[in-house]
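Just below is one structure, and these are the notes that go with it.
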Amino acid sequence: MSRKHLAAAMAAATVLSAVGFGGAAEAETRVTYKSAKSTSSYYQMAVQIAEAMKAGSQGEIIVTVEESQGSVQNVKEAANRSGNYVFTTPPSLVKLALAGQKMFEPKDAAFEEIRSLFPIPSLTMHYVVRADAGVEDFAGLAGKDFIIGKGSFGAREAAKNFELFGLTDQVKLVNVELGSAVPALKNGQVDGFATAGSYPAPNVMEAAAGTEIRLLSMSEEQLAATKRTRLVIPAGTYPGVDYDVTTTALPVAAYTTTAMDDDTAYLMTKTFWEGKAQMGEANAWWNGVNSDMLATLGAELHPGAIRYYQEAGLTGKVSAQ
């Protein structure tokens, strides 16, 4: 082969290679999913979503999970991130960002581009007591040794609720980290603990292993006082707890921005809902997610997500959003 023909062949090969790689790149959409600390259940959920997206889209969507230091950071980054940025946070923080209030003051106009995709498991309050502690309701916690932990959402929520329920200074709060709660309960050093996590929460499952526990339910009056979302933990979720438990939850959802194209938002939303049952077989916390949660998202739905919800016959849920 002459040098001229060899050069022409190499040029053709380069063009074909570029076309081939270009086609692959176009068929694969990369998404960044900003989650939570790597030690949290929400990071584990993010990994599950990444796996479900790859499998459910036949490799069209590749999700890279990023660790974060918290929900506030996730929202703030939305103002500066381009492309397919997905983040998780409670809807209450999105509402604050849209209003330019508290930690989002002064308002950044870029927050107006935030769009909702789908709900994920809520942060659910659990009030756990040893069955032999003789505690049947919140009033029964008076004089009892109880752990709520330090600095977390669950600790702040429990302290706030004790005040709302007239239990301030009546419950004997033990000043230790929440990680000490399960062994302390099992050893009889405390009567109970409060924790926030998507049910079934691993630490509550651990507490129920070999120890009889009760979960406290809130009355309708107590629920109203909290001004939180009502949630029922179904009977049988935890060993020995054979009754429904009425408590509160902080909704959490996945969001993106208008920088994401409609087709990607549609495929992500469709893949999430169609893969949710399978994810629930691996981790039961997905079974608590349902379409009623669309009403809690707090931000306009992405047009691509709306397309899926309309196709799925959820127009009424979408309009309630």
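Side chain to side chain, Tyr33 and Thr88 fail the donor-acceptor criterion of an N or O pair below 3.5 Å. For Gln44 and Gln48, the side-chain atoms include no donor-acceptor pair closer than 3.5 Å. Between the side chains of Glu66 and Thr32, no donor-acceptor pair of N or O atoms lies under 3.5 Å.
Of all heavy-atom pairs between Ala207 and Lys186, the closest is O-NZ, 3.5 Å. Scanning all heavy atoms of the two residues, the minimum distance from Ala158 to Tyr127 falls at CA-OH, 3.8 Å. Taking every heavy atom of both residues into account, Glu112 and Arg115 meet most closely at O-NH1, 2.8 Å. Considering every non-hydrogen atom in both Ser116 and Ala299, the closest pair reads OG-O, 2.8 Å. Between Lys107 and Ala97, the shortest heavy-atom distance links the atoms CG-O, 4.2 Å. Shown here for Ser71 and Leu93, the closest heavy-atom pair between the two residues is CB-CD1, 3.5 Å.
Not a single donor-acceptor pair under 3.5 Å links the side chain of Ser198 to the backbone N or O of Leu123. Without hydrogens or angle criteria, Asn290 side chain to Asp292 main chain gives a donor-acceptor distance under 3.5 Å. A donor-acceptor pair under 3.5 Å links the side-chain atoms of Gln222 to the main chain of Ser219, judged by distance alone. Judged by distance alone, the side chain of Asp244 and the main-chain N or O of Ala235 form a donor-acceptor pair under 3.5 Å. Listed for the Arg228 side chain is no donor-acceptor partner under 3.5 Å among the backbone atoms of Ala225. Using modelled atom types, no side-chain atom of Glu113 and backbone atom of Thr257 make a donor-acceptor pair closer than 3.5 Å. Thr246 places no side-chain N or O within 3.5 Å of a backbone atom of Ser217 that could act as its donor or acceptor partner. Looking only at distances, no side-chain donor or acceptor of Lys102 sits under 3.5 Å from a matching main-chain atom of Leu96. Remark: the backbone N or O of Ile61 is paired with a side-chain donor or acceptor of Ser57 at under 3.5 angstrom. Side chain of Thr271 to backbone of Met268: no donor-acceptor contact under 3.5 angstrom is found.
A distance of 8.5 Å separates CG in Leu267 from CD in Gln58, rounded to the nearest 0.5 Å. Taking NE2 of His126 as the reference point, atom OG1 of Thr195 lies at 7.5 Å (rounded to 0.5 Å). We find the CG-NZ distance between Leu223 and Lys227 to be 14.0 Å, quoted to the nearest 0.5 Å. Between the CG atom of Leu250 and the CZ atom of Phe153 there is a distance of 4.5 Å, given to the nearest 0.5 Å. A distance of 8.0 Å separates OG1 in Thr269 from CG in Leu301, rounded to the nearest 0.5 Å. Annotation: the span from Ile306 atom CD1 to Leu117 atom CG amounts to 11.0 Å, rounded to 0.5 Å.
Ile120 places none of its side-chain heavy atoms less than 4.5 Å from the side chain of Trp285. The shortest distance between side-chain heavy atoms of Lys172 and Lys144 does not fall below 4.5 Å. Within the 4.5 Å cutoff, side-chain heavy atoms of Glu220 are placed close to those of Arg230. Annotation: side chain of Leu141 is not in contact with side chain of Gln170 (no heavy-atom distance under 4.5 Å). For the pair Val72 and Phe104, the minimum side-chain heavy-atom distance is below 4.5 Å. Side chains of Val75 and Ile114 form a contact here, defined as non-hydrogen atoms less than 4.5 Å apart. With contacts defined as side-chain heavy-atom distances shorter than 4.5 Å, the pair Pro251/Pro119 does not qualify. With contacts defined as side-chain heavy-atom distances shorter than 4.5 Å, the pair Val289/Trp273 qualifies.
Considering Thr258, Asp261, Asp262 as possible partners of His302, the one that fulfils the side-chain contact (heavy atoms from CB on, under 4.5 Å) test is Asp262. Considering Tyr85, Phe118, Phe87, Phe111 as possible partners of Tyr255, the one that fulfils the ring-ring contact (aromatic ring centres under 6.0 Å, His included) test is Phe87.
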Quiz prompt | side-chain contact (heavy atoms from CB on, under 4.5 Å) assessment of Ser122 paired with Met293 | solution = CA-CA 10 Å; Ser122 300; Met293 293 179 173; 4.0 Å; yes
Quiz item: side-chain hydrogen bond (donor to acceptor under 3.5 Å, both in side chains) between Ser68 and Lys34: does it pass, once the steps are laid out?
Solution: CA-CA 6 Å; Ser68 87; Lys34 194 80 172 182; 5.8 Å; no
Exercise. Test Met218 against Thr226 for side-chain contact (heavy atoms from CB on, under 4.5 Å), laying out the working first.
Key: CA-CA 10 Å; Met218 292 185 186; Thr226 68; 4.2 Å; yes
Quiz prompt | Test side-chain hydrogen bond (donor to acceptor under 3.5 Å, both in side chains) applied to Thr89 and Asn74, step by step | solution = CA-CA 7 Å; Thr89 195; Asn74 292 1; 5.9 Å; no
Quiz prompt | Gln101/Lys95 under side-chain contact (heavy atoms from CB on, under 4.5 Å): CA gap, chis, key distance, verdict | solution = CA-CA 9 Å; Gln101 296 175 347; Lys95 291 177 182 178; over 6 Å; no
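Counting Ile, Leu, Val, Met, Phe, Trp and Tyr side chains that sit under 4.5 Å apart, directly or through other members, Ile233 shares a hydrophobic cluster with Val128, Ile147, Val174, Val176, Leu178, Val182, Leu185, Val190, Phe193, Tyr199, Val204, Met205, Ile213, Leu215, Leu231, Tyr238, Val241, Tyr243, Val245.
With a 6.0 Å radius and a threshold of 12 heavy atoms from other residues, nucleotides or ligands, Lys150 has its NZ atom above the threshold. Crowding of Lys54 atom NZ: a count of heavy atoms from other residues, nucleotides or ligands under 6.0 Å not exceeding 12.
The pair Asp263-Arg307 meets the salt-bridge criterion, since a charged nitrogen lies less than 4.0 angstrom from a carboxylate oxygen. Between Lys160 and Glu157 there is a salt bridge, since a side-chain N of the basic residue sits under 4.0 Å from a carboxylate O of the acidic one.
With sequence neighbours left out, Tyr43 forms a ring-ring contact (aromatic ring centres under 6.0 Å, His included) with no residue at all.
The stretch residues 190-213 participates, sequence neighbours left out, in these salt bridge (Lys or Arg N to Asp or Glu O under 4.0 Å) pairs: Arg130-Asp191.
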